[in-house]
Amino acid sequence: MIGSGIAGLYTAFNIDGKLSCTVLSKGKIDGCSSYLAQGGIAAVVQDDDKFELHYNDTLYAGAGICNAEAVKVLVSEGPQDIQRLISAGVHFDADDSGRLHATREGGHTKNRILHCGGDSTGREVEKTLFSLVATKSNVTLKENTFLVDIVTHEGKAAGVVVYDEGYKLYISPNVVICSGGIGQVYKYTTNPAGATGDGIAAAIRAGARVENMEFVQFHPTALFHQGTGERYFLISEAVRGEGGILRNQRGERFMPARHPMGDLAPRDIVAREIFREIRKSSIPYVYLDITSKSQQYLSQRFPTIYKECERRGIDMAKQFIPVCPVQHYFMGGIRTDLNGMSSIPGLYACGEAACTGVHGANRLASNSLLECLVFGRRCAEHINGTQRDMPDYPVNFEEKYEYKEINVSDIKEKIKDTMNEKGGIIRNKKELETGLEVIDEILLQLQNIYLPTQEHIEIFNMAIVAQHILAAALKRKECIGAHYRDDVINHEEVKIC
């Protein structure tokens, strides 16, 4: 397993005890995106909700291009994985009678978002899964181990090369990429520093098929701050689900006039409308107003968000919160089937690194952790039921590349600036072409040279992912979901409104 987020840990949790399993984490266990997830997990658990409604909401948010079979699997099997988490010791928030507390987020027509500790769902699920996996005698957990490449032999997965105080080879007939997203390809993101698209880039180099690379989700409401080096703190969509209202510079509501679902419209639409408001104003943010709720309520329902706002001098019970859209999630990735298998036998992918097809052109809020659970379990079940022989082949690490001095920091910033300016929330043909030329030049500079450090390999991965995003965005000549081009006329808002 490459990655120790919820996708990787839940896959390892479900691996047969007779099979040896190693979970390799790029950094510390608490440094992944799963650990930071605030909102919750979407699942049909309330009596007035139905699988069909969750299915329809997912298709609608995904602009109709989701894999329908994958969505059916997601919504119908999700509740059993929630129950398994509960049985394993995850404490979802509930009322005094023990009934699970379900809230609503953008794009959902029913209250179905389960959460832990108010706004600490990812952290609580991650901690519980880590403690459970750590007790499994067949599982080895290794931190600070960086994926370099996926090894194949005779067209099948055969292991991975990693960097851990030197290059090492892990031989295995089953490799599961759970390495997370690509947020660091962009200048502004909610993703942690390690989200450089390593698993996706390695899969591309190995020859695996990728899909939907143009679909990058920008979360509408990150807490605005000055500076570019710091990861943006997310103001969960659940705040709007509990009555939060978006207001422009003049204090006016603007979303009800833009979409029938108002402030709870799908994320891509809300992000674009905020972007447009920012373009019209003299300040680089809009406001999120949740002052209708008391200090006591907010501090209990959103303890993490409340403390962060308080740390920055904002009393969210009395003051508007400055928010702006930033990169948050990646709908594209390594194309998989319903068992998490990629186009390379033995190579699986799960979580944000995978493209299962459930998200289509735009992920429905809180479906991401559900996807980690459902398809992580399915990966494990398929591995458990498939007999593959251990690869046996000669290994040669003697291939030499020319060393060439490069400025890693400058290249990294050039990638980030290019993606922010040319491959962001609103795109067009000219800017996509210009951006692709810049990234192609960077890749020519990096190919076939010796990359001596992890940071060198990371910028190579970032450039590969950036190239595929821009090329896919250029190829898709329509506005759909999170992919929006202002040089075409079939604008999604016109259709919906």
Subject >> Side-chain donor-acceptor pair present, N461, R205, cut-off under 3.5 Å >> reply: yes
Subject >> Any donor-acceptor N or O pair under 3.5 Å, side chains H259, E273 >> reply: no
**OP:** List in chain and number order the residues that pass side chain to side chain donor-acceptor pair (under 3.5 Å) with Q184, two or more places apart in sequence or in another chain; answer none if no residue qualifies.
**Re:** K416
Original post:
Less than 4.5 Å apart, any side-chain heavy atom of D337 and any of R378?
Top reply: no
Subject >> For K429, side chain to side chain contact (heavy atoms under 4.5 Å, CB included) partners two or more places apart >> reply: E433, L474, R485, D487
Original post:
Run the side-chain contact (heavy atoms from CB on, under 4.5 Å) check on R311 and F233 step by step: do they pass?
Top reply: CA-CA 12 Å; R311 186 179 76 83; F233 182 84; over 6 Å; no
Original post:
Are side-chain N/O atoms of Q217 and D268 paired as donor and acceptor at under 3.5 Å?
Top reply: no
Original post:
Do you see a donor-acceptor pair shorter than 3.5 Å between the side chains of D198 and T196?
Top reply: yes
Original post:
Going by distance alone, is a donor N or O of one side chain under 3.5 Å from an acceptor N or O of the other, for S368 and R363?
Top reply: yes
Original post:
Could you walk me through whether K414 and D410 pass the salt bridge (Lys or Arg N to Asp or Glu O under 4.0 Å) check?
Top reply: CA-CA 6 Å; K414 194 170 186 179; D410 284 354; over 6 Å; no
**OP:** List the steps, then state whether side-chain contact (heavy atoms from CB on, under 4.5 Å) holds for I469 with I182.
**Re:** CA-CA 10 Å; I469 291 172; I182 53 88; 4.1 Å; yes
**OP:** I would like to know whether F215 and R476 meet side-chain contact (heavy atoms from CB on, under 4.5 Å); could you show each step before the answer?
**Re:** CA-CA 10 Å; F215 295 126; R476 188 178 287 277; 3.4 Å; yes
Original post:
Can E126 and R123 be said to form a salt bridge (Lys or Arg N to Asp or Glu O under 4.0 Å), step by step?
Top reply: CA-CA 5 Å; E126 176 89 359; R123 182 173 67 219; over 6 Å; no
Original post:
Does any non-hydrogen side-chain atom of R258 lie less than 4.5 Å from one of I269?
Top reply: no
Subject >> Chi angles and distances behind the side-chain contact (heavy atoms from CB on, under 4.5 Å) call for R335, N67 >> reply: CA-CA 11 Å; R335 185 73 180 102; N67 180 326; 3.4 Å; yes
Original post:
Do H328 and T190 meet the criterion of a side-chain donor-acceptor pair at a distance under 3.5 Å?
Top reply: yes
Original post:
So, the side chain of T221 versus the backbone of I235: is there a donor-acceptor pair under 3.5 Å, distance only?
Top reply: yes
